[in-house]
Amino acid sequence: MKTGIGVFIAAFAALGASWAGFVLAPALQLGGTKVTTVLNSTDAYPVQRPGEAALGLQVYRANGCAACHTQQVQQDGTSFEVVLTGAGKDPVSVSNLAAGLKLTGLTKEAADAAAKSLADAGGKTETHLSGTGADISRGWGSRHSVAVDFLYDAPVQPGSLRAGPDLTNIGARAADANWQLVHLYAPRAIVKDSTMPSFAYLFEVRPATGSAEALKLPAGFAAPAGSEVVPTPAAKQLAAYLLSLHADAPLYEAPYSQLAKP
Amino acid sequence: MNPIDNKSPAACSSEIDASLRVPLLALFGGAALWLVVGLVFGLLAGIKFHAPDFLGACPLMTYGRLAPAANDAVLYGFAIPAALGVILWILSRLSGMPVALPIVPVVAANIWNLGVLVGTVGILIGESTGYPWLEYPRAAAVLLFAAFLLIAVSAAATFGWRRQRELFPAHWFLFAALLWFPWIYSSANLFLTAVHVPRGMVQAVIDWWFGNNLLFVWLSLAGIGIAFYFLPKIGGRPLASSGYALFGFLTLMFFGSWVGIPVGAPVPAWLPTVSSVAAMLSIPAVIAIVIVGLRTACGAKAVCRGGPFCFMWFGLVSFFLGSILYLITGCPHFGHLVQFTWYGVGQTQLTLLGFFVMVVLGGIYEILSNTTGLELPFPKLGKAHFYLAMLGVLLYAVPLLIGGVEQGIRLQNPAVPFADANTAALLWLRISSTGQLLLILGSLLLALNIFVMTIKWKIALGKSLFAAVTAPLPVTEVKA
């Protein structure tokens, strides 16, 4: 490194290589990601978020929800379970055999072996596959997140800190728009010690008109007598977005609970 | 070799100082203000975990906007422009030249501050791009990019017209830093804030690439470049083992730039795997750089006592810890454990505030006590700043690191309810808020010093202008 030009060339080469690898190559490889299909089905996956929900993503971005919430389910591994679906001609000996075998939390080989020994005795079995890991046990999802889950989002909001629960599948977990709105308006009305900020500024408090949109709030959080709390369009869009968060379809690259091919 | 510039003739040194006075005032003044703003925003954001409804009615002050605005104000508002000022000073001293085109960095400093202002306001009113570390809306990004280029041009010209031909290790790091930022910043913004953004997770990959290249590689290049100039200069002995420095420089650039895709990210598996390998390969770079720094600093005759040398020392140690804590998240097991916890926040702050900001502050205080016409009005406050900042960084970052590991262990155990893992972190967050408070106090001392210095300079300038205007006209001009 005797000359400025030498330093310049070294830096140029180093950064250029990583740029080609982490900007250009993913843009070409992942940028070509196509819609796939749900495992063992012809349903397209993912589907575009409906208009309201797509707008809601921008409300989510603008308010920095990703500062506290991730949308990435992690998975440690998979486990297999063998389920007896038919006992065949000799039910007693098959069920005795089944009682003596370990049928859950198996590896692929162990599951195949168990299924085979039950089949040899005349029983019918199905093998189920499920993901394992803390996130899945917490009920945050059935499988790990994959790139295609994010296909239609701009900006993607994978998040990096779990100061709040993972929201990958919040639309399945809390599928009620009213619940979502009440929670956004007053998180502590639902979870007593919640550290989530209130997004009351996305709502309007106005003289009561008996509107069907008015939130039904628990005592202590209700609007003053004679007035009501109604969501602004932004709040409704955000709730629609939250309900659209449901990235749980089994895929070829992330299968679960499917009849495993023997 | 020793970048001590006492070889340059005395007349030249004061000429250099004179050329730098206005650019440095512009860069340091704005930066000192943004440091206060960023740290205050950070504290306000942190308080929300103890009192979630604090300032909650105001959309501008909601946590999800304040937190990124705070990080960006420290990084883009203070760290980068202040470092650029220090770099300009170093390059003109090393070149034995007054800074070239001194008006350019002054204009650039104003454009830069406008950019940070537009960006900060943009985030607060909800116009953030939604990509971590790249939140500033496009208009702000364009301003920052233009301003950086202008300063880089001035720096390059200063170097190009230099009187002293020698190239020091500090030069390598600083040149690479000047090239690195415009490239990563423009390319990330072109991809992510363009009209047609790439589909899906490509966006996240580009953002991770950018974040790593800014917060790990760029901060290391610029911060170590500055430290490799000042350690020998203050310590009065040459930089040790330039072979190690070369090794560290090259491996940092070639491997460090590939780190950053988190383990288990929902992207094709080769991406996080490459990052993990690169992280392991970058560890020797960090060690080599720290060896050079320690060897140079250890035998130095300089006394520490809260002066610039202390800032450099503390920065070097934080560089080591922060970088290693970052790189070991490339180990799949540990990475999974601390992913999504406060650990990452603690590590980032240790690197940003403990390493980079400290080194830059050391540079600023050294410059402001050695540049004619830029003397600090209250030099003792600089020492107080060191102790406040050191304690502040430790109290801010260390609890987050420990609390993050604990949070990770709890999150990995599905028997522990989520709310419990969250509550356990609150105690650590409380300690870290204390650290933020100390950091704010320290930054106020810097702001006060620079503010009074600017006022004094303006008064002096006004007086001399006044004297020039009211002076009796020379006879020749009266005739004409």
Side-chain angles (χ1 to χ4, degrees), chain A residues 1-4 7-8 10-12 14-15 17-19 21-23 26-27 29-31 33 61-68 70 72 74 134 137-138 144-163 165 187-188 191 193-201, chain B residues 48-49 52-53 56-57 59 62-65 67-68 126-132 159 167 171-172 175-176 179-180 183 187 191 197-206 209 246 250 253-254 257-258 261 264-268 271 274 336 340-342 344-345 411-414 418-419 422-423:
Chain A
M1 295 292 134
K2 287 253 165 16
T3 64
V7 175
F8 188 79
F12 198 90
L15 185 52
S18 100
W19 183 83
F22 276 3
V23 177
Q29 185 195 4
L30 268 171
T33 309
R61 164 193 62 73
N63 290 289
C65 308
C68 291
T70 55
Q72 321 176 35
Q74 304 277 323
S137 310
R138 282 184 193 282
H144 61 94
S145 299
V146 292
V148 75
D149 293 338
F150 299 84
L151 191 64
Y152 289 123
D153 290 342
V156 294
Q157 298 284 290
S160 62
L161 177 67
R162 283 179 177 166
R188 276 158 292 289
V191 178
D193 291 322
S194 173
T195 47
M196 170 149 153
S198 152
F199 290 91
Y201 61 79
Chain B
K48 285 163 181 284
F49 280 97
D53 287 325
T62 190
Y63 179 82
R65 297 180 186 179
E127 291 301 315
S128 151
T129 63
Y131 300 109
F159 176 75
L167 204 65
H171 275 125
W172 313 335
F175 283 171
L179 171 76
W180 220 261
W183 186 333
S187 113
F191 273 95
V197 288
R199 296 178 99 184
M201 285 306 277
V202 188
Q203 300 158 28
V205 173
I206 294 175
W209 172 82
L246 181 62
L250 291 176
M253 288 196 306
F254 277 93
S257 56
W258 290 85
I261 315 288
V267 291
L271 288 160
V274 168
H336 269 299
F340 310 141
T341 72
W342 288 101
V345 181
L411 285 180
Q412 290 288 312
N413 177 1
F418 175 81
N422 221 11
T423 321

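First the proteins, then the strands, lettered A, B, ... as listed; each starts at 1. Quantities reported herein were computed from a predicted structural model and do not represent experimental measurements. Heavy-atom basis, side chains included; hydrogens, waters and symmetry copies ignored.
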Non-hydrogen atoms of chain A under 4.5 Å away: do they reach the side chain of Ala57(B), the backbone, both or neither? backbone
For Thr129(B), is there any backbone N or O sitting under 3.5 Å from a side-chain donor or acceptor partner on Arg61(A)? no
Evaluate the side-chain proximity of Asn63(A) to Arg65(B): yes if any heavy-atom separation is below 4.5 Å, no if none is. yes
Can you tell which of Gln29(A), His144(A), Gln157(A) has the highest number of heavy-atom pairs within less than 4.5 Å of chain B? Gln29(A)
Are the side chains of Trp258(B) and Trp209(B) in touch, meaning some heavy atoms are under 4.5 Å apart? no
So Pro52(B) and Met196(A), do their side chains get closer than 4.5 Å, heavy atoms only? no
Look at Pro266(B), Pro414(B), Pro198(B), Gly126(B) and state which one has the largest set of heavy-atom pairs under 4.5 Å with chain A. Pro266(B)
Measure Pro59(B) against the heavy atoms of chain A and call it side chain, backbone, both or neither at under 4.5 Å. both
Using a 4.5 angstrom heavy-atom cutoff, name the option from Ala200(A), Gly159(A), Ala17(A), Pro158(A) with the most pairs to chain B. Ala17(A)
Answer with side chain, backbone, both or neither: which region of Pro165(A) has an atom nearer than 4.5 Å to a non-hydrogen atom of chain B? both
Taking Phe199(A), Tyr201(A), Phe150(A) one by one, which has the highest count of heavy-atom pairs under 4.5 Å against chain B? Tyr201(A)
Residues, nucleotides or ligands: over 12 heavy atoms within 6.0 Å of Phe8(A) CZ: no
Which atoms of Val146(A) approach chain B - backbone, side chain, both or neither, heavy atom under 4.5 Å: backbone
What part of Thr70(A) gets within 4.5 angstrom of chain B, counting heavy atoms only: side chain, backbone, both, or neither? side chain
Bottom line for Ala66(A): the part with an atom under 4.5 Å from chain B's heavy atoms is neither
Residue set satisfying side-chain hydrogen bond (donor to acceptor under 3.5 Å, both in side chains) with Ser187(B), at least two apart, ordered chain then number -> Trp19(A)
Pick from Ser128(B), Pro68(B), Gly344(B) with the largest number of heavy-atom pairs that fall under 4.5 Å of chain A: Ser128(B)
Scored by heavy-atom pairs under 4.5 Å with chain B, the best of Thr195(A), Val156(A), Asp193(A) is Val156(A)
Can you find a pair of side-chain heavy atoms, one from Val202(B) and one from Phe191(B), that are under 4.5 Å apart? no
Side chain, backbone, both or neither: which part of Tyr131(B) has a non-hydrogen atom closer than 4.5 Å to chain A? side chain
Can you tell me which portion of Thr341(B) sits under 4.5 Å from chain A's heavy atoms? Options are side chain, backbone, both or neither. backbone
Sequence neighbours left out, what passes salt bridge (Lys or Arg N to Asp or Glu O under 4.0 Å) with Arg162(A)? Give chain and number order. Asp135(A), Asp166(A)
Non-hydrogen side-chain atoms of Ile206(B) and Phe22(A) separated by less than 4.5 Å: no
Hey, does Asp149(A) have a side-chain heavy atom less than 4.5 Å from the side chain of Gln72(A)? no
Select one option (side chain, backbone, both, neither) describing which atoms of Ala27(A) are under 4.5 Å from chain B's heavy atoms. both
Heavy-atom cut-off 4.5 Å, strictly under: side chain, backbone, both or neither for Phe12(A) against chain B? both
In the structure I gave you, are the side-chain heavy atoms of Val197(B) and Pro155(A) within less than 4.5 Å of one another anywhere? no
Heavy-atom contact with chain B under 4.5 Å, split by part of Asp153(A): backbone
Counting N and O atoms only, with roles assigned by atom type, does the side chain of Arg188(A) sit under 3.5 Å from a partner on the main chain of Ser194(A), one being a donor and the other an acceptor? yes
Could you please spell out the steps behind the side chain to side chain contact (heavy atoms under 4.5 Å, CB included) verdict for Met201(B) and Leu151(A)? CA-CA 7 Å; Met201(B) 285 306 277; Leu151(A) 191 64; over 6 Å; no
Name the member of Pro132(B), Gly56(B), Ala67(B), Gly200(B) that forms the most heavy-atom pairs with chain A at distances under 4.5 Å. Gly200(B)
With a 4.5 Å cut-off on heavy-atom pairs, point out which of Ile261(B), Val267(B), Val345(B) contacts chain A the most. Ile261(B)
Region of Phe175(B) in contact with chain A, defined by heavy-atom distances below 4.5 Å: side chain
Given a strict heavy-atom distance threshold of 4.5 Å, which part of Phe254(B) is in contact with chain A: side chain, backbone, both, or neither? both
Top contributor to chain A contacts, counting heavy-atom pairs under 4.5 Å, from Leu271(B), Asn413(B), Leu411(B): Leu411(B)
